[in-house]
A.B. asks: 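Take a look at the following structure, please.
Here is the naming used below: chain letters follow the sequence lines, and residue numbers restart at 1 for every chain. Because the structure is predicted, anything quoted here is derived from the model rather than measured.
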Amino acid sequence: MRTVVDILEQRIGRALADTAGLDHSPAIIRTTADPKFGDYQANGVMAVAKQLRTNPRKLAEQVVAKLDLGELCETPEVAGPGFINLRLKPEYVASELLRINAGDANRLAIKPTEMAQTVVVDFSSPNIAKEMHVGHLRSTIIGDCICRLLEFEGHKVVRQNHIGDWGTQFGRVILGLWHMCMAEKRQEENGEPLYFAEELKALRALAGDGQELHALCTKIRDRHENDWRADKDPEEGDGELVFGPFLQGFPERPAEEVWPRIQMAYQYVNLLEECVVGMGLTIPTRQAGVIDYKDLGRHVTPMLQDRAKDPRNRQEWLAWNRVRELTMASCYAVYERLGVMLGPEHERGESAYQPMLPDVVDSLRDTGLAADSAGAVCVFPPGFQTKEGEPLPFIVQKSDGAFLYATTDLAALRYRVGQLKADRIIYVTDARQIQHFQMLFKVAEMAGWDRRNGRKAQLVHVTFGSVLGEDGKPLKARSGENVKLKDLLDEAVERAKAVVEEKNPDLPAEKKTQIAQAVGVGAVKYADYSNNRTSDYVFSFDKMLAMDGNTAPYMQYAYARIRSIERKAQSKGVDIASELAGMETLDLSEPAELDLGKHLARYSEAIEAAIADYKPNCLTAYLYELAQKFSTFYTNCPVLDAPPTKRPTRLLLCDLTAKTIRHGLSELLGIAVVEQM
RNA sequence: GCGCCCGUAGCUCAGUAGGAUAGAGCGACGGUUUCCUAAACCGUAGGUCGCAGGUUCGAAUCCUGCCGGGCGUACCA
């Protein structure tokens, strides 16, 4: 990729260095704040002048005298304390537009990098036994955008969906299945409603009511122990009579029956665990004797994770695998609506690293990096402290022997560098995990796991802020639960549909539906992309679906208007393709034409900026400005009724604007464009 | 306590490898449809860039302190 800025930087930088007698001095090319200063300015002269203790204006004059920007710019002007102002020649802008026009609409005359890397991008990472909620939105779409940008830049991108399917949640999923099993048994035998469904509601309702909550939890615990004892075979151990057969049959059961139940049972387990903290309730276990009821999930996790050593856990593993399948099926439905390019081939969940975990810990021990501390195996990377000012451990194995996300992340990192041959690994997660990743990267460096053949892979944590509700707190549904992504998209599409009905009632129903999909989903994505990734933003359907301002509908509308012109041209017998094909000169004499033309020629700058900091809002800002400039052009410069000498230029501007908007929206942001709205 | 992030117009936000007079949208006020989609365009009003110092030709941007908010801080992810 080579932008005008790069060329100016190079030429002016060299002239500056020569004049000053330095090896190297950056020209510091920036776009001007005000068009009256031209299009670009070079700020580097003043810094060099200071260094040389010389007059900056004089130095700037000397640099300008040396410069030859003949074909690019008008004569540079020295202004203010030592700025060099640069104004692009219309002929240069015209030649750039013709060059873009002559090339592939999917490249828009932007060349791929010559330094292609293998880049692993870790994003989305949904959790097992849950549907995707707003918390997954940003990682999923920002990650997807980063992949699209890097692919466009010419890198080999390896998408990794690091599904949360191992760790303690594994134990909880099985525990959820156990409740489902027992509840179904009671339903069959006594016609009782599924208790976890009833009690889930009750637990939620009782939040804050200590006494009643305690009573309910005690009742649950008592029944739990009874059911567990009743399921005990004196020879084989627990679970052999009822739970075993349940698990065996589980993978065959139809999705629409079990999927909702699993989710509910899993939520039940999670909520119950929270509720019983501090209640002093206990439960007997086969292996560890009597333990606190809240720790049951954590207790069964390492037992089940050990399945390689205990073939009796195979059923649990098969059932869990089925749960994962069901989970991913629901995720793929969401990915498809979002236009996110993730498929089964990108799945590599935490569980995939399970066989490598013991070796991670052993290696760290062998090299002396890890040591036992309070029963857990820990690495103490320098520079991290606990509340008490003690060194903060990066725990790779818990005192009960279970592995946790630190272990998995290290195994994944090692795999990505070693097997996937990553030159760069990008983790797209919310900002709260920043300390974890700082420690992870530090430990990986200490262990040398970030190197392959002596070359260091670049490790990047791309963070983002939270999605907030209108009240400024993290977005939640009325019920207090996380908002499901599916519901969010449904509502956006529904609202978009209402607008289409209002604005364009005569369109065929099928078209309206299609437009509503594109506008609704596009609005949600665009709103996210157009906000600075690092800050929190307030989610508002009204704002994201507004026709004014930096929104998806505004962008899509601009595109649709151009397509409308092109359709109309065709119906008048104008063959756009042939009219544009042989063009050799453009007439950019109208200010709106030149302004739009200049902006079109700068698409690559926006892409470069977006890639440099992994910031999609650089791209949306460019596109918005483009659409605004087009709208100005549109109101001032008739296209189809233009004089014959002007029409080809205007058609070209329309066509390139459409191509650029389509490319940015559809290829890079994964937002659909529409032909009409 | 320590660490990280944030504080910019009434509201929601852009803008940090230091650059000229700090930008949008919403909201407010005013204008533009015999003409390619008015889901649009044009204009006006609105700011001690949290506060106080410092660094320098120049600071929203870098440094220090303070105030206010968010997040994290040993076996969750």
A.B. asks: Would you kindly check whether a donor in the side chain of A/D409 faces an acceptor in the base of B/A77, or vice versa, at under 3.5 angstrom?
C.D. replies: no

A.B. asks: Kindly confirm whether the side-chain ring of A/F384 is stacked on the base of B/G3, judged by centres under 5.5 Å and planes under 30°.
C.D. replies: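 No; by the centre-distance and plane-angle rule, A/F384 does not count as stacking on B/G3.
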
A.B. asks: Syn if the chi torsion is within 90° of 0, anti otherwise; quick check, which is B/U33?
C.D. replies: syn

A.B. asks: Paired with B/A17: which nucleotide, if any, by Watson-Crick or G-U wobble criteria at under 3.5 Å for both distances?
C.D. replies: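 Pairing partner: none.
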
A.B. asks: Measure distances between side-chain N and O atoms of A/R30 and base N and O atoms of B/A17, and say whether any donor-acceptor pair falls under 3.5 Å.
C.D. replies: yes

A.B. asks: Please determine, for B/G53, whether a Watson-Crick or G-U wobble partner exists with both distances under 3.5 Å, and give it or none.
C.D. replies: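 Result: B/C63.
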
A.B. asks: Grab the CG-P distance between A/N43 and B/U16 for me, whole Å please.
C.D. replies: 14 Å

A.B. asks: Considering every strand shown, what is the Watson-Crick or G-U wobble mate of B/C4 when both distances are under 3.5 Å?
C.D. replies: B/G70

A.B. asks: Find the partner of B/G43: check Watson-Crick (N1-N3 plus N6-O4 or O6-N4) and G-U wobble (N1-O2, O6-N3) distances, both under 3.5 Å, and reply none if neither fits.
C.D. replies: B/C29

A.B. asks: Can you tell me the pairing partner of B/A24 across any strand shown, Watson-Crick or G-U wobble, with both distances under 3.5 angstrom?
C.D. replies: B/U12

A.B. asks: Ignoring backbone atoms, test whether A/S125 places a side-chain nitrogen or oxygen under 4.0 Å from the OP1 or OP2 oxygen of B/A77.
C.D. replies: no

A.B. asks: Identify the nucleotide, in any strand shown, that forms a Watson-Crick or G-U wobble pair with B/G58, with both distances under 3.5 Å; if there is none, say none.
C.D. replies: none

A.B. asks: Measuring only the P atom in each nucleotide, how far is B/G46 from B/U64? A whole number of Å is fine.
C.D. replies: 36 Å

A.B. asks: Which residues, if any, of residues 546-568 of chain A bring a heavy atom under 4.0 Å of RNA chain B?
C.D. replies: A/M547, A/D548, A/G549, A/Y554, A/Y557, A/A560, A/R561, A/S564, A/I565, A/K568

A.B. asks: Between A/K387 and A/P474, name the one whose nearest nucleotide on RNA chain B is closer to the 5' end.
C.D. replies: A/K387

A.B. asks: Is any N or O donor-acceptor pair between the side chain of A/Q41 and the base of B/A20 shorter than 3.5 Å?
C.D. replies: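 Checked by distance alone, the answer is yes.
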
A.B. asks: Is it true that A/K294 and A/E274 make a salt bridge, defined as a side-chain N closer than 4.0 Å to a carboxylate O?
C.D. replies: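 Result for this pair is no, no salt bridge flagged.
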
A.B. asks: With the six-membered base ring of B/A40 as reference, does the ring of A/Y634 sit under 5.5 Å away with planes under 30° apart?
C.D. replies: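 No; by the centre-distance and plane-angle rule, A/Y634 does not count as stacking on B/A40.
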
